[in-house]
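Naming: A, B, ... by sequence-line order, numbering from 1 per chain. None of these values were measured; they are calculated from a predicted model.
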Amino acid sequence: MARESLASKRERAATIEERMYAHYGPGEASLDYRTPFELTVAVVLSAQCTDAAVNKATPALFAAYPTPQTLAQADPADVAGLIRSLGFFRSKAKNLVALAQTVMADFGGEVPADVDLLQKLPGVGRKTANCVMCEAFKDPQGIAVDTHVFRIAHRLKLAGPSADTPQKVEDILLKVYPRDQWGYINHQWVHFGREFCRARSPRCADCIVGDLCPTRGRW
DNA sequence: ATCCCGAGGG
DNA sequence: CCCTCTGGAT
């Protein structure tokens, strides 16, 4: 079987993206998070818990602490009380207060629109920084390739067997997908990976992109 | 039981 | 490289 051309791969990826978008939407950016600060907080909170849980907790959180200034002065225990239904709430609360303090002390009260500076914020690593760049600043800097993205890229054969490291997978995906869709990958694939393309016992039979998947049913 | 939109720390 | 932090969904 001949290797699929980049053009063909791009075409297939575009159809896959249409399905994913229809199913999962564009991500946090579609919600009421008006400022980079709010969106950054929401993305930090999203780790290890559902979007629904985050969306339920954030209104009270932002009512109490609408700005980096106010959050910087908060007691982490009070913040923890507002996000108790989320996972890792104590460490998240501590990180969020420290994050606000860092924003005030080092970045003039504004969340920085820079993928490296963002990672100076407590609780913000590569993945979160990527999401914030995509969703808050509409300036995607890449695709964070975690185990889910890695697995899905290989199953969909968007990245071939020679793409044996996360960096290689990312390089390929950045060529396959247009830049303005990079942010969607981070958001949508995680949900897709949980609902259909699970590590074990994936739901190939009713998968929303099963007809576009070269390895359908092989897992 | 097992997994999840990770990141920090030893 | 390993561990820890956490509730919720399935």
Tell me what A/Asp146 touches on the nucleic acid: a base, only sugar-phosphate, or nothing, going by heavy atoms under 4.0 Å. nothing
A/Leu39 has an atom CG; how far is it from atom C1' of B/dC5, in whole Å? 12 Å
Given B/dC5, is OP1 or OP2 found less than 4.0 Å from the side-chain N or O atoms of A/Arg194? yes
A/Phe88 stacking on C/dG7: centroids under 5.5 Å, ring planes under 30°? no
Quick check on C/dT6: is either OP1 or OP2 less than 4.0 Å from any side-chain nitrogen or oxygen of A/Arg90? yes
Closest to the side chain of A/Cys49, out of C/dG7, B/dC5, C/dT6, is C/dG7
Return the nearest nucleotide to the side chain of A/Ser85; candidates are B/dC5, C/dG8, C/dT6. C/dG8
Polar side chain donor-acceptor pair, A/Glu135 to A/Tyr33, under 3.5 angstrom: no
Nearest-nucleotide 5' precedence on DNA chain B, A/Thr147 against A/Gly123: A/Thr147
Between B/dT2 and C/dT6, how many Å separate the two P atoms, rounded to a whole number? 22 Å
Could you give the CG-to-P distance, from A/Asn186 to B/dC4, as a whole number of Å? 15 Å
Nearest-Å distance, CG (A/Leu121) to P (B/dG6)? 18 Å
Send over the distance from A/Arg126 CZ to B/dC5 C1', rounded to a whole Å. 14 Å
On DNA chain C, nearest-nucleotide positions of A/Thr50 versus A/Phe89: which is more 5'? A/Phe89
Counting only side-chain nitrogens and oxygens, does A/Thr128 get under 4.0 Å of the OP1 or OP2 atom of B/dA7? yes
Could you check whether the rings of A/Trp189 and A/Tyr177 sit parallel, tilted or perpendicular, using 30° and 60° as the cut-offs? perpendicular
In whole angstroms, how far is the P atom of B/dG6 from the CG atom of A/Leu86? 13 Å
Main-chain N/O of A/Pro140 paired with A/Arg179 side-chain donor or acceptor, under 3.5 Å: yes
side-chain N/O A/Gln48 vs C/dT6 OP1/OP2, d < 4.0 Å: no
A/His154 side chain to A/Ala163 main-chain N or O, any donor-acceptor pair under 3.5 Å? yes
Under-4.0 Å salt bridge between A/Asp146 and A/Lys127: yes
Figure out the NZ/P separation between A/Lys127 and B/dC4, and round it to whole Å. 10 Å
Roughly how many Å is it from CG in A/Asp51 to C1' in C/dG8, rounded to a whole number? 13 Å
Specify the separation, in whole Å, of atom CZ of A/Phe192 and atom C1' of B/dC4. 17 Å
For C/dC5 and B/dC4, measure between their C1' atoms and round to the nearest Å. 14 Å
